A.B. asks: 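My structure is below; once you've seen it, I'll send some questions.
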Amino acid sequence: QGQLVESGGGLVQAGGSLRLSCAASGTIFSINAMGWHRQAPGKQRELVAVITSGGSTNYADSVKGRFTISRDNAKNTVYLQMNSLKPEDTAVYYCARGVRGSGRYDYWGQGTQVTVSS
């Protein structure tokens, strides 16, 4: 099945930027949609951005205009560029592989913490 490993999280002040990376190993990558999700303590996990195998993107309303998802198939890596960060963006961020032909995700990374201070 392989592994998804997120990196790039950290502590940043409101208004700052971070870029998260998700590296896929031992898994088919280019034919799958990939999604970034986040979960704050006591809240449900939410999908924040998705990129299809063809490069189409979609975003949750809460991050539109601030976050950009991209992928580099040659590197088996998906990115989430996060700009104009807000305290409410504080969460553990996960990447996940989309199941082909469905809206489900079948393999998840371990998560990376993003903390935005006011």
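Everything numeric in this text was worked out from a predicted model, so none of it was measured. Atom set for the values below is all heavy atoms of this structure, side chains included, hydrogens, waters and symmetry mates excluded.
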A.B. asks: Does any N or O in the side chain of Q39 come within less than 3.5 Å of the main-chain N or O of A91, such that one atom is a donor and the other an acceptor?
C.D. replies: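 No; zero donor-acceptor contacts below 3.5 Å.
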
A.B. asks: If you measure from CD on Q113 to CG on L11, what distance do you get to the nearest 0.5 Å?
C.D. replies: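 That separation rounds to 9.5 Å.
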
A.B. asks: Sequence neighbours left out, what passes salt bridge (Lys or Arg N to Asp or Glu O under 4.0 Å) with E46? Give chain and number order.
C.D. replies: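 E46 satisfies salt bridge (Lys or Arg N to Asp or Glu O under 4.0 Å) with R38 once adjacent residues are dropped.
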
A.B. asks: Could you check whether any side-chain N or O of E6 sits under 3.5 Å from a backbone N or O of C95, counting only pairs where one atom can act as donor and the other as acceptor?
C.D. replies: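 Looks like yes, one N/O pair under 3.5 Å.
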
A.B. asks: Can W36 be reached from V63 by stepping across I, L, V, M, F, W or Y side chains whose heavy atoms are under 4.5 Å apart?
C.D. replies: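 Cluster IDs for V63 and W36 match.
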
A.B. asks: For the residue pair S21 and T77, what are the closest heavy atoms and their distance?
C.D. replies: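 Heavy-atom minimum between the residues: CB-CG2, 4.3 Å.
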
A.B. asks: Which pair of non-hydrogen atoms, one from G8 and one from L18, has the smallest distance, and what is that distance?
C.D. replies: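 Scanning both residues completely, I find the closest heavy atoms to be O-CD2, 3.8 Å.
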
A.B. asks: Find the distance between CZ (R100) and OG (S53) and round it off to the nearest 0.5 Å.
C.D. replies: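 R100 CZ to S53 OG: 7.5 Å, rounded to 0.5 Å.
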
A.B. asks: For the side chain of N32 and the backbone of G98, is there at least one donor-acceptor N/O pair under 3.5 Å apart?
C.D. replies: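 Yes, N32 side chain to G98 backbone: donor-acceptor pair under 3.5 Å.
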
A.B. asks: I need the minimum non-hydrogen distance between C22 and M34, along with the two atoms involved.
C.D. replies: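 Answer, listing the atom of C22 first, then M34: SG-CE, 4.5 Å.
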
A.B. asks: Do you know which two heavy atoms are closest between D106 and R97, and how far apart they sit?
C.D. replies: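 So the minimum-distance heavy-atom pair works out to OD2-NH2, 2.8 Å.
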
A.B. asks: Mind listing the closest non-hydrogen atom pair of Q81 and S17 along with its distance?
C.D. replies: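 Minimum heavy-atom contact is NE2-CB, 4.0 Å.
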
A.B. asks: Can you tell me how far CG of L47 sits from CG of N58, rounded to the nearest 0.5 angstrom?
C.D. replies: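 N58 atom CG to L47 atom CG measures 9.0 Å (nearest 0.5 Å).
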
A.B. asks: Can you label the angle between the W108 ring and the H37 ring as parallel, tilted or perpendicular, going by 30° and 60°?
C.D. replies: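 The arrangement is tilted - the two ring planes meet at 30° to 60°.
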
A.B. asks: Do you reckon I51 sits in the same ILVMFWY cluster as Y93, going by side-chain contacts under 4.5 Å, direct or chained?
C.D. replies: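 Yes.
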
A.B. asks: Check whether Y107 and V92 end up in the same hydrophobic cluster, where Ile, Leu, Val, Met, Phe, Trp and Tyr are linked by side-chain heavy atoms less than 4.5 Å apart.
C.D. replies: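 Result: no, two separate clusters.
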
A.B. asks: Return the set of residues passing side chain to side chain donor-acceptor pair (under 3.5 Å) with R66 (not counting sequence neighbours), or none when no residue passes.
C.D. replies: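 Side chain to side chain donor-acceptor pair (under 3.5 Å) list for R66, sorted by chain: D89.
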
A.B. asks: State which residues pass ring pair (Phe, Tyr, Trp, His ring centres under 6.0 Å) with Y79; sequence neighbours excluded, sorted by chain then number.
C.D. replies: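 Expected list: none.
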
A.B. asks: May I ask you to decide if A33's main-chain N or O and T52's side chain share a donor-acceptor pair within less than 3.5 Å?
C.D. replies: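 Checked: no pair found.
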
A.B. asks: Can you name the closest pair of heavy atoms from A49 and L80 and give their distance?
C.D. replies: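 For A49 versus L80, the nearest heavy atoms are CB-CD1, 4.0 Å.
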
A.B. asks: Taking C-beta and beyond as the side chain, do Y94 and L4 meet within less than 4.5 Å on heavy atoms?
C.D. replies: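 Result no, sub-4.5 Å side-chain heavy-atom pair not found.
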
A.B. asks: Given F67 and L85, is the side chain to side chain contact (heavy atoms under 4.5 Å, CB included) satisfied, shown in steps?
C.D. replies: CA-CA 9 Å; F67 290 11; L85 283 162; 3.9 Å; yes

